[in-house]
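The chains referred to below are lettered A, B, ... by the order of the sequence lines, with proteins before strands, and numbering in each begins at 1.
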Number of protein chains: 2
Amino acid sequence: MGIKINTHYQEVKESYLFAEIAKRIRIWQESHPEKADKLIRMGIGDVTRPLPKEVVKALKEASDEMGVAESFHGYGPEQGYDFLREKIQEYYKSFPVDLAKEEIFISDGAKSDLGNILDLFDRGITALVTDPVYPVYVDTNIMQGNKLLYARAGEENGFLPMPDPSVKADLIYLCSPNNPTGAVYDRTGLTAWVNYAKEKNAVILFDAAYECFVEGDLPHSIYEIPGAKNCAIEFCSFSKKAGFTGTRCGYTVVPDSLVFGGQSLRKMWLRRQTTKFNGVSYIVQKAAAAVFTEHGAKEIEENINYYKENAKMIMKTLDELGIYYTGGKNSPYVWMKCPNGLRSWDFFDKLLEEIYVVGTPGAGFGEAGEGYFRLTAFSTQEKTKEAMERLKILLAK
Amino acid sequence: MGIKINTHYQEVKESYLFAEIAKRIRIWQESHPEKADKLIRMGIGDVTRPLPKEVVKALKEASDEMGVAESFHGYGPEQGYDFLREKIQEYYKSFPVDLAKEEIFISDGAKSDLGNILDLFDRGITALVTDPVYPVYVDTNIMQGNKLLYARAGEENGFLPMPDPSVKADLIYLCSPNNPTGAVYDRTGLTAWVNYAKEKNAVILFDAAYECFVEGDLPHSIYEIPGAKNCAIEFCSFSKKAGFTGTRCGYTVVPDSLVFGGQSLRKMWLRRQTTKFNGVSYIVQKAAAAVFTEHGAKEIEENINYYKENAKMIMKTLDELGIYYTGGKNSPYVWMKCPNGLRSWDFFDKLLEEIYVVGTPGAGFGEAGEGYFRLTAFSTQEKTKEAMERLKILLAK
């Protein structure tokens, strides 16, 4: 008797990945206090470069505005201020993708929206994710009582699984450039997924959080693919693009042409956001808009290039050692094969014990991640260089 | 065939309240362009005082920190920084209420958490709300496919309905000081609700967004009532307290002793937040912490007193006119009876047409609001004074 809780929460597995990493580091530090300052962390998915000067300037100007009655801003539009939506609309034109301002929703980050979007769908539907996978896609679906299917990624498909027409899914999660593998779909790959989704009357949830690392002709947005506006919602963020992991701003694109069960998903999302959200801080939206100014864009490019240099150092080292990897190009992540057939956690221990370098065991991202290891380009150049020198000496033995 | 949407969204009624108000104002302005600058808005639930100087200072200092690698903050804890949780923990001690830091979750506002909390419960449960009611409680439950029951508020109970033991509910929404009626439960009233909830094994969702207006011995927090920690979740916000409606910060208290279906709701909420949220902007959390400094607290008190003076002006006018109302004391809202038996919208039109004052028709908050009208204390003192002078002349006729 009494209130019934959502029992699906009990089906979510506790993720011990980062807790286990922290524990092993702590044990190592305690037994090697003299080496503690030699530790280099290459496992983090968080940025290290500070906010661009232009962004800090915008934050401070907006803070001053808020301190004066005449320029104070109270409740803003739940879906974001036009000044920011218009900047994003303009940014998409460079891909080139045409969006209506009303199709762009400002949020406090891709993670919130990726979770909350499930509100629009029935419970018990089937979600297709890749393996290895960003754990948030899995956990949010389990919490809803949804079913999960896995598309296996591996060396045979360059960690870019393609749709299997015999599999029926309602939701399809694609992350490109991928976390954790750094692999990037080209137009042909994404076109296959768009066609598959349309055939199954499924919705693609496209996570474009790392699009700012994409170079050349590879797609930044799924809407570069014909037909995607009829089947895909896109999530993006200022986190990696502009160092907003602690500042919190992102955006979600829900095209007007997404109509399922006779209902516009854009209108449903608008309803969801106006009912359960009160918009992103005015100050933070002003900061995000500064990312698109001439100075802001230049500073951001410099930061991204800084991380790309780190990625190049990692790739060069692995190339010299003859180790298989994906990513690094068009991505801040390098997904390497553990040498000598080592399992992910054994390689983790080896790196920690012998060269004091921390990465992320691939097995933590799913079964198909076993035997692989993720290194990130988000550390400093000095530390990345030092870590790669140590790795070269260790593995060239 | 294909993905199934959440059809409950179609059951949510479009709220035409604020759209209808905006439309009537627009029509009036177009037909009376010469009077347009005489319009006084007393319907808004948004604040008008700027952010305190101490808060602006904290925002700017934190922005500078974010611009330097050594003091940059990336991803923070999803449940909020300890420096802010500890301030809130200390604030609760003044009620006096003892909370563990882990029971306090920082959010981007009460509205988000009031919506998202339903994630923890089964769909199809029964929610009891008061009538009149803040529409978010109703709409979020309809979206989940929950059933709704209404506890009727009126002059017979001072707009403070008490529990009916024959009614079975799973969730109970209480807002005190109330939006829209400004009525405040005393200890006896809240104790009755706590006892009712415990008897039914129900959960109280207590919206304390206006607690900063409470004076004297009335409860600020439901946890001042014995037993509440076994049945209540409390939502609060810096919006009204410190003018954060556009800055976005709030907090939710989920006591450790809330155990339903064998599960800790605190642990479930932690799981929800770590999976579907990435924390509030570091800068905004620093600003919220400044609210609790000596200077910050003084400035906030001044702002609240400013609004309280407005409320007093409104109450004095209604007292002189012999009009029934609730609120005004311990609340920024004054809920007045429309004079001469007028219906809410007719009184709205009368005020707009004859004295160019805009309020909110009570009927917009539910059936029991018909014949009532909400005025808010959030305008400037000059405008509030002018509006009350006009109202006195109009109704003293």
K.L.:
Out of A:K200, A:R123, A:E65, which one racks up the most heavy-atom pairs below 4.5 Å with chain B?
P.N.:
A:R123
K.L.:
Partners of A:T126 by side chain to side chain contact (heavy atoms under 4.5 Å, CB included), sequence neighbours excluded?
P.N.:
A:K147, A:L149, A:D170
K.L.:
Measure distances from B:Q144 to the heavy atoms of chain A and classify the residue's part below 4.5 Å as side chain, backbone, both or neither.
P.N.:
side chain
K.L.:
Show, in sequence, the C-alpha distance, side-chain angles and deciding distance for A:M66 and B:F244, and conclude whether the side-chain contact (heavy atoms from CB on, under 4.5 Å) test is met.
P.N.:
CA-CA 10 Å; A:M66 295 292 272; B:F244 271 49; over 6 Å; no
K.L.:
Is it the side chain or the backbone of B:V47 that comes within 4.5 Å of chain A heavy atoms, both, or neither?
P.N.:
both
K.L.:
Apply side chain to side chain contact (heavy atoms under 4.5 Å, CB included) to A:K198 and list each qualifying residue two or more places apart in sequence or on a separate chain.
P.N.:
A:V194, A:C231
K.L.:
Carefully, step by step, assess A:L265 and B:I5 under the rule side-chain contact (heavy atoms from CB on, under 4.5 Å).
P.N.:
CA-CA 9 Å; A:L265 294 190; B:I5 59 162; 4.0 Å; yes
K.L.:
Which bit of B:K267 is near chain A, if near means a heavy-atom gap under 4.5 Å: side chain, backbone, both or neither?
P.N.:
neither
K.L.:
Considering only NZ, NE, NH1 and NH2 on the basic side and carboxylate oxygens on the acidic side, decide whether A:D64 and B:K60 come within less than 4.0 Å.
P.N.:
yes
K.L.:
Determine whether more than 12 heavy atoms belonging to other residues, nucleotides or ligands lie under 6.0 Å from atom NZ of B:K57.
P.N.:
no
K.L.:
Any salt bridge between B:R271 and A:D139, counting N to O under 4.0 Å?
P.N.:
yes
K.L.:
Would a distance-only check, ignoring hydrogens and angles, find a side-chain to backbone donor-acceptor pair under 3.5 Å from B:K111 to A:F277?
P.N.:
yes
K.L.:
Of all of B:V280, B:T7, B:L59, which one pairs up most often with chain A through heavy atoms under 4.5 Å apart?
P.N.:
B:L59
K.L.:
With only heavy atoms counted, which part of B:E78 is less than 4.5 Å from chain A, the side chain, the backbone, both or neither?
P.N.:
side chain
K.L.:
Determine the option with the most heavy-atom pairs under 4.5 angstrom with chain B, choosing from A:V284, A:V12, A:L51.
P.N.:
A:L51
K.L.:
Determine the minimum heavy-atom distance between A:G74 and B:D46, stating which atoms define it.
P.N.:
CA-OD2, 3.3 Å
K.L.:
Could you have a look at B:G45, B:G124, B:A69 and say which one has the most heavy-atom pairs with chain A under 4.5 angstrom?
P.N.:
B:A69
K.L.:
Where does B:D108 contact chain A at under 4.5 Å (heavy atoms): side chain, backbone, both or neither?
P.N.:
side chain
K.L.:
Applying side-chain contact (heavy atoms from CB on, under 4.5 Å) to A:Y282 and B:T247, what does each step give before you reach the verdict?
P.N.:
CA-CA 6 Å; A:Y282 170 74; B:T247 303; over 6 Å; no
K.L.:
Measure the shortest side-chain to side-chain distance between B:R272 and A:Y9 over non-hydrogen atoms and say whether it is less than 4.5 angstrom.
P.N.:
yes
K.L.:
Identify which part of B:D113 has an atom lying under 4.5 Å from any heavy atom of chain A, answering side chain, backbone, both or neither.
P.N.:
neither
K.L.:
Is it the backbone or the side chain of B:L120 that comes under 4.5 Å from a heavy atom of chain A, or both, or neither?
P.N.:
both
K.L.:
In this structure, are over 12 heavy atoms from other groups packed under 6.0 Å from A:K168 atom NZ?
P.N.:
yes
K.L.:
Any non-hydrogen side-chain atom of A:D122 less than 4.5 Å from a side-chain atom of B:N6?
P.N.:
no
K.L.:
Where does B:M143 contact chain A at under 4.5 Å (heavy atoms): side chain, backbone, both or neither?
P.N.:
side chain
K.L.:
Tell me, for B:F72 versus chain A, whether the close heavy atoms (under 4.5 Å) come from the side chain, the backbone, both or neither.
P.N.:
side chain
K.L.:
If you count heavy-atom pairs under 4.5 Å with chain A, which of B:H73, B:Q263, B:H8, B:Q285 comes out on top?
P.N.:
B:Q263
K.L.:
For chain A, find which of B:V203, B:T140, B:V136 contributes the most heavy-atom pairs closer than 4.5 angstrom.
P.N.:
B:T140
K.L.:
Among B:G109, B:G67, B:G261, B:S239, single out the residue with the greatest number of heavy-atom pairs under 4.5 Å to chain A.
P.N.:
B:G67
K.L.:
Heavy-atom distances under 4.5 Å only: say whether B:Q10 touches chain A with side chain, backbone, both or neither.
P.N.:
side chain
K.L.:
For B:T48, is it the side chain, the backbone, both or neither that has a heavy atom under 4.5 Å from a heavy atom of chain A?
P.N.:
backbone
